[in-house]
Every structure is written in structure tokens, then in C-alpha cells.
Amino acid sequence: MSDVVTFRKARGAFFTPPEITRFIVDWAVRTRSDRVMEPSCGEAAFLLAAGRQLAALGLAPGELRARLHGIEIHRTSAERGLACLRRHELDATVRVEDFFDCRPEPAFDAVIGNPPYIRYQQFTGDARLKSLEAALAAGVRLTGLASSWAAFVVHASQFLKPEGRLGLVLPAELLTVNYAAQVRRFLLNRFSRVRLVMFDNRVFPDVLEEVVLLLAEGSGGASSFEVFQARDAGHLAGLAPCSWTGFDLGTVDKWTPALLSQSSFDIYRKLCDREVFSSMLDWGETYLGAVTGNNKYFTLGRTEIAQHGLPLEDLLPISPPGSRHLSGLKFASVAWQGMRDAGGRCFLFHPRGERPGPAAARYIALGEQKKVHYAYKCRVRRPWWRVPLVARPDLLFTYMNHDRPRLITNEAGVGVINSIYGVQLHPDRRTLGRELLPLAALNSVTLLGAEMVGRAYGGGLLKLEPREADQLPMPAPATVAALGPALTALRPQLTTALRRNHLERAVALVDEVMLSQHLNITGQDLTALRHARDLLFRRRISRGRAMATPPIESAPAGNTADDDGSHGEN
């Protein structure tokens, strides 16, 4: 039995809870004349529910085969599905075929199911190529980082009649990830009504992935979508027509705001649209630190330096691997020196000149003995031991965090590796940004924005890719300049609060100066912003407690000194 479960998971197949199957079928199958398809039907859970629904609507048993259609790539699963249907005195037409090989014809009133969920690392070769071609045929260009479900949604839609209905169980990354942006746009362009059901609790006990239910129908395009927040699958039975909440995202690309109330999101959006807030990109360039390929080899402490006799001329000072040491408002020279003296890996091996000196040459030879040069990033560069450097940043930016992304003034003037991002400020904003932006960023708008533009990873960690960091709402330069004296006066209190891990206290101090006094935000609106951020934060953390490991596509490199230099974006 365990082997069967492992095989199903490997191909992205998971049984759908019957409450969800019934809910989608009840919504999608409305008359006895409906033609219904379940692509990737597996053992026909949706076909079974649809057959019962059609029978209840008055369809004669002999007509079911013409109304129920399934497609399944695995013959054994298809045979089991048909056998299950017949045990219940139902029948269907089930083809053994790759769904992406099926030429779409808009002949169905309802397409329903639970698409296979295979992450991009395992979704490779001919299968991936066919899926991308199928999506492109519908006008949707997916990136190489797309998981299997993304093309499935687009291709499945092509089998619907103009006013047909699409009911699917999808991973919640539909709402947030960059590669799904094209799918989100496609859904709003293709259908006249798009509805999402989201859950407070996980509904697939054996699956770490959070899911949403997509209910899309009609054609001609939709300017917004509707949301229902359910506790769990059992809560679906009581869903009334008035339970749906309309949500207008405006120009926001991600659908994460749908987790909030429309009023909270409108307050946030109004503040971001005003001149008092801009984005991180308006302050400067955010970039990944230097990618070494093997941090254990390329980053060194005083003990290793002495052991190998490496001269200081072959070493560059860096912020040590990881980001736990970056918790305050600035990373000062004295802090760096303290980490150096304590044996921290505060130096990057980077030989001077074209020809390494004797000590560096011996260390390079040691690296080759340890096969360091076979690591991917090392293998593709010449020479393998010269790490490409990035500019020394004005600010340090932690991109993988429990509570919030941190902006820290790089007072020590050190270089960075890919445990963190660097921020190089625009020349005309460098002085102001270095001195005050880390303080100004401690406000409720920026904290809520981080939850909305970032995404949750294993353990509930919040990660921002560089493009997402660019979108992070930040007080505009004019706002920071106007509040300069007030923010400077707060620095001692903020430093103390952060040292004691009292983030809420620090944010309250900045909110009072920036939002309450400077922008005249009402207490009610400020409370709404804080509650919205708290909702997204607690949702992320509660999901993280249930996840034993990070998602496959990217381990939390910024939180370990053993980072191998990889950095993925999904």
C-alpha cells in the first residue's frame, strides 16, 4: 500500500476529499444534458460524483457514457476508475492518453477535477514541452519554472463551451507565485465570473501544499473575482449564495490580497497610491549577493586563514553567511570585527591578480582535491575559483525571514554573498537612505506589503525574490526627508526595541510619527492595517508549523552558513 501511495505522489496524484468533490460537482453539473469531462481522472472520483448528479437530475443510466468523459495517462488507474463506476452502476467514456496530447474541442459544459501537481524539477522532458506548447496554443506563455498544474488549467479551459464551467482543485500558489501571473490573467480574460474558495485549515492531510478551489464560468472577461473563506472541507456544505465576497485588485498582479477584507486592502492600496509611499525600486537597486557555488570553501574565518597561510590581499571582508546576525538597524564595523575575532566566516577567498600566489595556489589545489570545482556554479566559470563579485551595498536586505524582511545600513562597508541581498541606493538618495530608510521601513504599510509581495516557504519563512523586493512599499524619499528629525530622535528607542525583539513596539513608534501624525491616518484605519498584516503573518506561520520541510524548489539559503550558493525563483 505504501508503494502505491509513493507512486501516486511521484506523479502528483492525490485523492480528493469527498466533501470537495461533491461541492465542485454540485456547482458545475446543473442539468441532465450537461457533458462533463474529468481530465487526468485517476480513479474517477469526480466522474463518480458527476454520474450520481446526472442520475439525480434524471439522466437515464444508458445515456451516462455519452455524457461522462475521462482522460487518464495511466492505464491501471483508468481501469480502476471504470471498475469503480460500474460497481456503482454508472458508466463513462475513459481514454488512456496524455491530456496534453488531446486536441481541445469546446464541447463540454463542465470540466472538473484535481490536476496533478508536479513541481518543475520533476516536471521535465517531453511532458513539460507538451504542456508549455498546449498553454502557448491558448495564448499563455509559461516560464520554465511552472509546475504541472499551470498549463493544465489553461488547456482544460479550451475544452469548454463558451458558457461552460471550470471547477478545479489547485495549489494556493495560484494566488502568489510569479510564474502563475499569466494563468491569473488568462482566467480573468477568459471567464465572466471567477470564484475562489480558500481554507483556514489544510484539507489534504497527507499533502503539505495548501489548496484553493477554482470555480470559473462564462466568457468575455471579468474585472474582479469573488472569494469564500472556509474553515475546512466540511464547511462547504453550508455555503450560501450571499457568502461570496467580491474583490477588486486594481492593478495589483498577485491575488494574495484576496485573503484580506476589501476595506483593509483599499486602505493599504490608497496609501501606496499616494505620493507618501513609493517602492523599494524608487530608492535603488536590489540584487543577490555573490554566488560562490560552495560557501564552506569560499568563506573563511581566522582559523582557516591561518591554517592555510592565506594573505589578507587574497581575502575580501564580507557579511558572514546567513542572516541571523542582522537584526538591528545597522551592521557596524565593531560588530563585524567582533564576529571576525570570534571565528566567524567573515572573509571571501578572492585571489588578487591573474596568477594566484603560492598560498592561494595551494588552497585552490585543496579545493580541487575536494571536488569543489565540480559544483555547478564553479564548473561554468573560468577560472572556477574566482567568484564574480557584486557591488558593495549601501544597505543589507534579508530576503528569508520569520517575521519581516530587514533593511540594515552597511556601516561596516562589507561585501555580500547570496545569503542576503544588497541594495545600492541611487546617488541622490544615498545619504538619506543609508541613515534613515532602515528606520522608516518599520511601519505597518511596509510590513503588510512584505506579506503581500512575498511568499511562504518551509517552516513559515517569508521569502522575497529580487523582483518582489523591488515592489515592496517604502516611504517615499520626500516623506523620509520630511520626517528626518523625528525618525532620528526615535533611533535609540527603536534600537532598544529591536534588541529586545519587540517588533510591535518599534512599529508602533514609527506608525505614530509617520502614519498618525504625518499622514493623519485614523486609529480605525491603522488598526485595520495592523490586523491585515497580522492575519497574513499568522496564516503563514500556522501553515509553516504543519510543514516538515521547505518546498523543493528552494531551500532557505539565507538562514544557514552551509548554503551551497544556489538561489531559485519560482
Side-chain angles (χ1 to χ4, degrees), residues 13-32 34 36-38 41-59 64 67-68 70 81 84-85 87-90 92 109-115 117 149 153 156 164-172 174-175 187 191 193-218 225-247 255 258-262 535 538-539 542-543 546:
F14 300 93
F15 288 133
T16 309
E19 299 92 340
I20 289 179
T21 306
R22 285 196 299 270
F23 174 77
I24 291 178
V25 167
D26 287 348
W27 170 82
V29 182
R30 301 177 182 177
T31 73
R32 67 182 184 182
D34 281 348
V36 182
M37 182 173 75
E38 182 185 2
C41 64
E43 297 180 15
F46 283 86
L47 288 179
L48 177 61
R52 288 171 169 167
Q53 176 83 334
L54 288 171
L57 291 168
L59 187 69
L64 280 172
R67 294 292 174 188
L68 288 179
C84 178
L85 288 168
R87 282 196 304 273
H88 290 84
E89 299 181 348
L90 301 171
D109 299 282
V111 176
I112 54 180
N114 183 357
Y117 179 47
W149 67 267
V153 171
R165 299 171 291 280
L166 182 69
L168 299 175
V169 183
L170 298 176
L174 164 69
L175 307 177
L187 290 171
F191 295 98
R193 168 172 273 183
V194 177
R195 286 178 162 179
L196 300 173
V197 178
M198 293 176 283
F199 299 94
D200 294 332
N201 304 317
R202 284 193 306 153
V203 294
F204 283 72
D206 298 325
V207 183
L208 297 179
E209 185 64 37
E210 189 179 345
V211 302
V212 298
L213 308 185
L214 169 68
L215 309 176
E217 62 182 309
F225 57 85
E226 297 169 86
V227 175
F228 177 70
Q229 189 76 36
R231 287 191 307 273
D232 50 35
H235 192 201
L236 295 174
L239 177 57
C242 61
S243 301
W244 296 95
T245 301
F247 214 94
W255 288 2
L259 297 167
L260 309 177
S261 69
Q262 182 74 60
L535 183 151
R538 293 186 183 280
R539 183 182 180 91
S542 66
R543 292 303 185 280

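Because only heavy atoms are used, hydrogens play no part in the values below, and waters and symmetry mates are left out as well, while side chains stay in.
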Quiz item: Atom CD in Q53, atom CG in L68: separation rounded to 0.5 Å?
Solution: 11.0 Å
Self-check item: Worked check of side-chain contact (heavy atoms from CB on, under 4.5 Å) between L175 and L196
Solution: CA-CA 10 Å; L175 307 177; L196 300 173; 3.7 Å; yes
Practice problem: Indicate the atoms forming the closest heavy-atom contact of A45 with T21, along with that distance. | Solution: O-CG2, 3.6 Å
Quiz item: Are L187 and W255 close enough, and set up right, to give a side-chain contact (heavy atoms from CB on, under 4.5 Å), and what steps lead you there?
Solution: CA-CA 12 Å; L187 290 171; W255 288 2; 4.2 Å; yes
Self-check item: Point-to-point distance, once rounded to the nearest 0.5 Å, from CD1 of I20 to CG of L236
Solution: 6.5 Å
Exercise. Hey, could you give me the CZ/CZ distance between R195 and F225, rounded to the nearest 0.5 Å?
Key: 13.0 Å
Quiz item: Can you find a pair of side-chain heavy atoms, one from L213 and one from V169, that are under 4.5 Å apart?
Solution: yes
Can I get a per-line list of side-chain donor-acceptor pairs under 3.5 Å for residues 24-31, giving both atom names and the distance, sequence neighbours left out?
{"unit_1": "R30", "atom_1": "NE", "unit_2": "W27", "atom_2": "O", "d": "2.9"}
{"unit_1": "R30", "atom_1": "NH1", "unit_2": "E217", "atom_2": "OE1", "d": "3.2"}
{"unit_1": "R30", "atom_1": "NH2", "unit_2": "W27", "atom_2": "O", "d": "3.4"}
{"unit_1": "R30", "atom_1": "NH2", "unit_2": "E217", "atom_2": "OE1", "d": "3.2"}
{"unit_1": "T31", "atom_1": "OG1", "unit_2": "S33", "atom_2": "N", "d": "3.4"}
{"unit_1": "T31", "atom_1": "OG1", "unit_2": "S33", "atom_2": "OG", "d": "3.0"}
{"unit_1": "T31", "atom_1": "OG1", "unit_2": "D34", "atom_2": "OD1", "d": "3.1"}

Quiz item: Between L174 and W149, which heavy-atom pair has the shortest distance, and what is it?
Solution: CA-CH2, 3.7 Å
Quiz item: With a 4.5 Å heavy-atom cut-off, do L214 and V194 have their side chains touching?
Solution: yes
Quiz item: Which atom pair, heavy atoms only, marks the closest approach of F46 to N114?
Solution: CE1-N, 3.8 Å
Quiz item: Quick one: CG on L260 to CZ on R539, what's the gap to the nearest 0.5 Å?
Solution: 10.0 Å
Exercise. Go through L48 and L85 one step at a time and tell me if the side-chain contact (heavy atoms from CB on, under 4.5 Å) criterion holds.
Key: CA-CA 6 Å; L48 177 61; L85 288 168; 4.0 Å; yes
Quiz item: Which value, rounded to the nearest 0.5 Å, describes the distance between L57 atom CG and R32 atom CZ?
Solution: 9.0 Å
Practice problem: Measure the CG-CG distance between L166 and L215 for me, rounded to the nearest 0.5 Å. | Solution: 9.0 Å
Quiz prompt | Minimal non-hydrogen separation, L259 against Q229, with atom names | solution = CD2-OE1, 4.1 Å
Quiz item: So, for A50 and I112, which heavy atoms are closest and what is the spacing to 0.1 Å?
Solution: CB-CD1, 4.2 Å
Quiz prompt | Working for side-chain contact (heavy atoms from CB on, under 4.5 Å), residues R52 and H88 | solution = CA-CA 9 Å; R52 288 171 169 167; H88 290 84; 2.9 Å; yes
